[in-house]
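A quick write-up on the structure given underneath.
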Amino acid sequence: MSNSVELKNPNLNGMSSDYLYHIAINVANTADTSDIQRQFGDVKVLCMGGTSSRMRDLAIYLRQIVGVSDTGEPVDLAVAGHRYAVYKVGPVLCVSHGVGSSTFSVVLHELLKLVKYAKCQDPKFIRIGTCGGVGVQPGTVVVTKDAYNGYLRNEHEIPILGKRVVRPASFPDDLIKDILAYGNQSGDTFETISANTMSTDCFYEGQGRTDGAICEYDDAAKMEFLQKCHKLGIRNIEMEATMFASMTQKVGVKAADVCVTLLNRLNGDQVEITPETKAEYEHRPFLIIGRYIQGLLSKLV
């Protein structure tokens, strides 16, 4: 039985070609995608993160996990697009998505089309990132359950043709459980948890910070808001989860959002850890997802 991706756009069936502009991949003949299948058909996991440098580092780290012996500089397959970075490491793609839902949604649309044309079987989409914690220790890895928007609603809203469209924003329980099984291992010096996430369209005012260029509320109002978040089971704040959850849920692909907290927002707004500590924190999701990928691939042998 085929587990290839079926998208929610009948217009694609009438397109003879499809240029994935932002990642510079040309599907020259949608009726015969054998060239795309040869290049990308083996992809099982797509890892996505904000910066190209982080995805480069992840690609290098995953070489030993997936058994790729290459020691050279990773090749950016999307370099001609000048916007995103795409690295392929065996059956894994490592893709940068920028900051926030708007830039992430662009590349996510094109990646979903890529796995469709490549006829990838049951691909997993995993975002790896950093975030602010809400009542958890800095360095905690959070695997998102339900994603809440800035109105503290478990949904993603988007204007389409001048109308407000609302879609649910949750991640699948089975993938969450699979990933959590590789957290909290012997030797880990950090906690891996599953919790709800707030995803905002603004890093400063949208997240209740008082250190931006504009702020029209006081610290007491900020703390009241953050405590309300905490009561909803929200343990981290970032800028992509609602869009990511809603899009992948809409098309029916498995996805997960795995982020490490750089600070506890109940204690302040500024990231004050050293660059060395930040680098060590950022590596923690690599460890969890590396274990998950290794376990997943061992089941497919």
Next item on the list: Go through Q37 and C120 one step at a time and tell me if the side chain to side chain contact (heavy atoms under 4.5 Å, CB included) criterion holds.
Entry: CA-CA 8 Å; Q37 293 176 50; C120 298; over 6 Å; no
[X] bridged to [Y] by N-O distance under 4.0 Å:
X	Y	result
E157	R167	no
E280	R284	yes
E205	R209	no
R164	E155	yes
D18	K113	yes
D42	K88	yes

When you measure from the side chain of [X] to the backbone of [Y], do you find a donor-acceptor pair of N or O atoms at a distance under 3.5 Å?
X	Y	answer
T200	C202	yes
T140	V136	no
Y84	T103	yes
R153	Y148	no
Q185	A181	yes
S105	S101	yes
R56	T51	no
T261	C131	no
N184	T192	yes

Answer yes or no: is there a side-chain heavy-atom contact under 4.5 Å between [X] and [Y]?
X	Y	result
M239	Q207	yes
V258	V141	yes
M48	F104	yes
I293	L296	no
Y292	L297	no
Y281	P138	yes
I289	C47	yes
V143	D257	no

Checklist line | D218 vs K222, salt bridge (Lys or Arg N to Asp or Glu O under 4.0 Å): CA-CA, chis, key distance, verdict | finding: CA-CA 6 Å; D218 59 19; K222 177 189 82 171; over 6 Å; no
Of all heavy-atom pairs between [X] and [Y], which one has the smallest distance, and what is that distance?
X	Y	result
M198	C229	SD-SG, 3.9 Å
G81	A24	N-CB, 3.5 Å
S194	I176	OG-CG2, 3.4 Å

Heavy atoms from other residues, nucleotides or ligands near [atom1] of [X] exceed 12 (cutoff 6.0 Å):
X	atom1	value
I160	CD1	yes
D269	CG	yes
Y217	OH	yes
K119	NZ	no
E224	CD	no

Partners of [X] by salt bridge (Lys or Arg N to Asp or Glu O under 4.0 Å), sequence neighbours excluded?
X	answer
E272	none
R291	D188
K177	none

When rounded to the nearest 0.5 angstrom, what is the spacing between [atom1] in [X] and [atom2] in [Y]?
X	Y	atom1	atom2	result
T33	F40	OG1	CZ	12.0 Å
L112	N9	CG	CG	11.5 Å
L62	Y87	CG	OH	13.5 Å
R235	N264	CZ	CG	10.5 Å
I234	Q227	CD1	CD	12.0 Å
F286	C94	CZ	SG	8.0 Å

Next item on the list: Going by the side-chain contact (heavy atoms from CB on, under 4.5 Å) test, name the single residue among I25, L46, V75, L93 that passes it with V86.
Entry: L93
Margin query: Please identify which of these residues, D178, D174, D173, meets the salt bridge (Lys or Arg N to Asp or Glu O under 4.0 Å) condition with K254.
Written below: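 When D178, D174, D173 are each tested with K254, the salt bridge (Lys or Arg N to Asp or Glu O under 4.0 Å) holds only for D174.
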Checking side-chain polar atoms at under 3.5 Å, does [X] have a donor or acceptor matched by the opposite partner on [Y]?
X	Y	value
N149	S199	no
T197	T144	yes
D211	Q270	yes

Checklist line | Working for side chain to side chain donor-acceptor pair (under 3.5 Å), residues S170 and D146 | finding: CA-CA 4 Å; S170 298; D146 295 330; 2.8 Å; yes
Next item on the list: Please step through side chain to side chain contact (heavy atoms under 4.5 Å, CB included) for the pair I23 and V107, ending with a clear verdict.
Entry: CA-CA 7 Å; I23 54 176; V107 74; 3.7 Å; yes
Item checked: Residue pair I158, M243: steps toward the side chain to side chain contact (heavy atoms under 4.5 Å, CB included) verdict -> CA-CA 9 Å; I158 179 173; M243 182 283 300; over 6 Å; no
Notebook entry, point to check: Between H283 and Y61, is the ring centre distance below 6.0 Å?
Noted result: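 Yes.
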